[in-house]
Amino acid sequence: MTFAVHGIAVARGIAIGRAVVMGSGRADVAHYFIQPSQVEAEIERIRVGRDAVIEEIHRLQQTIAGMGPKEAPHELSALLDVHLMLLQDQELIGGVKHWITDRLYNAEWALTTQLEALSRQFDEMEDEYLRERKADLEQVAERILRYMKGLGAPVAPATPRRRTQQDRLLDDSVDVPLVLVAHDLSPADMLQFKQSVFAGFVTDVGGKTSHTAIVARSLDIPAVVGARGASQLVRQDDWVIIDGDGGVMIVDPSPIILAEYGYKQRQVELERGRLGRLRHTPAVTLDGQKVELLANIELPEDAEAALRAGAVGVGLFRSEFLFMGREGRMPDEEEQYLAYRKAVEGMQGLPVTIRTVDVGADKPLDETRRYDTHLNPALGLRAIRWSLSEPEMFRTQLRAILRAAAHGKVNLLVPMLAHGTEIRQTLSLIDFARAELDNRGVAYGPVSIGAMIEIPAAALQVRTFLRYFDYLSIGTNDLIQYTLAIDRADESVAHLYDPCHPAVLGLVAGTIAECRRQGKPVSVCGEMAGDTQFTRLLIGLGLRSFSMHPAQILAVKQEVLRADATRLEGWARDVVASEDPAQALAG
Ligand code: PEP
Ligand code: MG
């Protein structure tokens, strides 16, 4: 039966495929396709893992056999019996074999997929005792996975296959696109999927500018977040359509709906093809104003996509992705230097703006800190606040950035500043980092130093900021969050997250105007910069530098080419001054 689950549209396009439902915490398992010739070896890997766990349980049983009821209560041996039974269960092993043989999933992926399917069956059981056995099943799967992790992956992952539209055959072949449906994915999980096999994503939670959504957008595949209940309503292998424009997932679509979305999908492809022709066209308005279109990147390797999209530099390298998912172990100076240098060299002489680490809130350093115990993590020790509280770590990063600047044009960008004391402390740490390199006799290059304007307090004292910094970059994602007191990652208040709120537009307009008055560069690097709804408005407000995901650059360029900056000035002023800018913008 066809039904739809509504959420928030975060990345455009249409994906049609089979659902891979991922239980929480399973995203760290590798997902890749194997070659048909590797099927036997993968099944063997699972078998070896399972046998090792059986062996371990037998040993445990022998140990506790000699103990008294106090040290080894009866429940413990009963529990081990249940685990043994589950490990030998045909549904588990048979199911895993099916995913490996028929779908060519790697062993870990096959195991977690089958686990998810069986968990559903347990959830539906009437008998409470049996329902509770789900936890045991999860534990045995976890043990097998842990054992396999210890052994490492014996088969090299086959090249991940991103399915082309032509592959979209609605049959049971292994070439059917797959879409991932999960309760939640952290930004670090999402990053793992950069080279993934998935053609689209849906999550139960999340807001439009949550960092998970931002990374999803950078993957340039359709994605919907905040689709409450999606991961419960969809079953493993269901046919689904993800409409990344409408923010909806359609489950078990009828042939008519499939045909309609197939048509839309082809239209999206055609539009992409058309935009592709603008790649080498300079971004200049009708009245001859040059506009700089820069890329936001998360990893040094993204420089390639930035160049491919025609970016004239990197306006925001979110360096925190180098720090995340490493169980708290920080990258050292050398590792960071090599990563920044790779991005700089990858951009082939174009400028790269490296933002110092911005972890905290919805970008935890690792999973264990994911659900931060602080009541308001977005208002807590985030971004520069965290950096200043860890001066050693911060100076290490600063030295690495300064060293990378010896290889090309680098701008250093500091997130989330609000106080004069933070500004002065940051600048003196930069001086200190330079002095440390001098003492060590290590080469480094010059950097322009900029601040992000993403807290209303900063937007209200732009003049002070301009006394200290070479340039400013407006982070609208946080500026909106903090101006309107709306958690950007919380889908329950997502309808109140409004870039068009007069207060937000007033702060953006004021920041641009002051920078222009003082002749200092200013850009917007929040999601607003890549949203074509706002291109004309921002140009009218005097903005000439936009930084966004590479996938958005050509669509924004098209708007730039159609804009007349001089004529837009008065109109933009009126939009910002109006009581209902959204309506004025549309009118
Ligand atoms: C912003 O806040 O707009 C921004 C660009 O930074 P981030 O999204 O990484 O918080
Ligand atoms: Mg921000």
Side-chain angles (χ1 to χ4, degrees), residues 19-31 42-43 45-61 64 73 75-100 103 105-151 153 180-186 188-189 192 203-205 229-238 325 327 366-371:
V20 172
V21 183
M22 189 178 286
S24 39
R26 301 278 163 207
D28 58 341
V29 165
H31 293 77
E42 279 307 84
I43 294 176
R45 222 149 63 79
I46 283 280
R47 210 176 282 136
V48 170
R50 183 199 57 172
D51 291 351
V53 176
I54 291 178
E55 181 76 10
E56 192 183 305
I57 293 179
H58 280 316
R59 272 201 307 274
L60 212 58
Q61 279 180 323
I64 63 175
E75 290 79 9
L76 180 57
S77 69
L79 187 75
L80 293 178
D81 286 341
V82 171
H83 281 200
L84 274 181
M85 198 184 71
L86 289 169
L87 280 161
Q88 278 145 359
D89 180 58
Q90 270 322 300
E91 278 219 64
L92 180 65
I93 296 305
V96 172
K97 274 190 193 162
H98 155 73
W99 299 113
I100 296 177
R103 293 296 167 74
Y105 290 5
N106 64 301
E108 291 84 351
W109 184 9
L111 178 60
T112 52
T113 303
Q114 186 58 14
L115 175 67
E116 194 60 30
L118 292 177
S119 296
R120 295 294 173 93
Q121 290 177 17
F122 276 98
D123 284 342
E124 282 159 16
M125 283 174 182
E126 301 266 310
D127 184 305
E128 194 179 335
Y129 172 80
L130 288 178
R131 231 180 14 245
E132 283 172 2
R133 300 288 61 81
K134 179 176 141 178
D136 296 313
L137 180 69
E138 282 174 349
Q139 279 174 20
V140 298
E142 203 54 61
R143 276 167 179 255
I144 301 177
L145 285 172
R146 221 177 312 138
Y147 184 84
M148 288 168 66
K149 202 170 178 182
L151 290 182
L180 182 67
V181 183
H183 173 67
D184 191 12
L185 292 168
S186 71
D189 292 340
Q192 270 220 110
T203 58
D204 296 345
V205 300
S231 69
Q232 290 302 312
L233 294 167
V234 181
R235 282 163 315 176
Q236 208 67 260
D237 234 23
D238 276 348
E327 283 146 16
D366 56 68
E367 282 303 308
T368 56
R369 305 183 205 200
R370 179 109 194 249
Y371 299 102

Checklist entry - side chain to side chain contact (heavy atoms under 4.5 Å, CB included) between Ile93 and Arg47: does it pass, once the steps are laid out? => result CA-CA 8 Å; Ile93 296 305; Arg47 210 176 282 136; over 6 Å; no
So, for [X] and [Y], which heavy atoms are closest and what is the spacing to 0.1 Å?
X      : Y      : result
Ala182 : Ser231 : C-CB, 3.8 Å
Leu137 : Phe122 : CD2-CE1, 3.7 Å
Val21  : Arg235 : CG2-C, 3.8 Å
Ala107 : Met148 : CB-CE, 3.6 Å
Leu185 : Met22  : CD2-SD, 4.4 Å
Leu111 : Ala141 : CD2-O, 3.9 Å

Next on the checklist: List the residues meeting side chain to side chain contact (heavy atoms under 4.5 Å, CB included) with Leu233, not counting sequence neighbours, and say none if there are none.
Outcome noted: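 Testing Leu233 for side chain to side chain contact (heavy atoms under 4.5 Å, CB included), a comparison that skips the adjacent residues, returns Phe3, Val5.
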Item to check | Residues which pass side chain to side chain contact (heavy atoms under 4.5 Å, CB included) with His98, listed by chain and number, not counting sequence neighbours | outcome: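 Here the qualifying residues are Asp102.
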Item to check | Counterpart residues, ring pair (Phe, Tyr, Trp, His ring centres under 6.0 Å), relative to Trp99 (two or more places apart) | outcome: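 Applying ring pair (Phe, Tyr, Trp, His ring centres under 6.0 Å) to Trp99 gives Tyr105.
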Given side chains that start at C-beta, do those of [X] and [Y] come closer than 4.5 Å, heavy atoms only?
X      : Y      : value
Ile57  : Asp81  : no
Thr203 : His183 : no
Ile100 : Trp109 : no
Val53  : Leu87  : yes

Item to check | Residues Gln232 and Asp204: side-chain donor-acceptor under 3.5 angstrom | outcome: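 No pair is found: no donor N or O on one side chain lies under 3.5 Å from an acceptor on the other.
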Checklist entry - Only one of Gln61, Arg143, His83 clears side-chain hydrogen bond (donor to acceptor under 3.5 Å, both in side chains) with Glu56; which? => result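 Only one of Gln61, Arg143, His83 forms a side-chain hydrogen bond (donor to acceptor under 3.5 Å, both in side chains) with Glu56, namely Arg143.
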Distance in Å, [X] [atom1] paired with [Y] [atom2], rounded so as to fall on 0.5 Å steps:
X      : Y      : atom1 : atom2 : value
His31  : Leu180 : NE2   : CG    : 6.5 Å
Ile46  : Glu108 : CD1   : CD    : 7.0 Å
Thr112 : Gln236 : OG1   : CD    : 8.0 Å
Ile144 : Ile54  : CD1   : CD1   : 8.0 Å

Checklist entry - For Arg50, what residues pass the side chain to side chain donor-acceptor pair (under 3.5 Å) criterion, not counting sequence neighbours? => result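 Partners of Arg50 under the side chain to side chain donor-acceptor pair (under 3.5 Å) test: none.
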Checklist entry - Considering residues at least two apart in sequence or located in another chain, which fulfil the side chain to side chain donor-acceptor pair (under 3.5 Å) criterion with Gln121? => result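 For Gln121 there are no side chain to side chain donor-acceptor pair (under 3.5 Å) partners, ignoring immediate neighbours.
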Next on the checklist: For the backbone of Glu91 and the side chain of Gln114, can you confirm whether one donor and one acceptor N or O come within less than 3.5 Å of each other?
Outcome noted: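 Confirmed, Gln114 side chain pairs with Glu91 backbone.
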Checklist entry - Does Asp237 have any salt bridge (charged side-chain N to carboxylate O under 4.0 Å, His left out) partners at least two apart in sequence or in another chain, and if so, which? => result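 Arg103.
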Next on the checklist: side chain to side chain contact (heavy atoms under 4.5 Å, CB included), that's the test. Do Leu92 and Leu118 meet it? Break it down for me.
Outcome noted: CA-CA 8 Å; Leu92 180 65; Leu118 292 177; 3.8 Å; yes
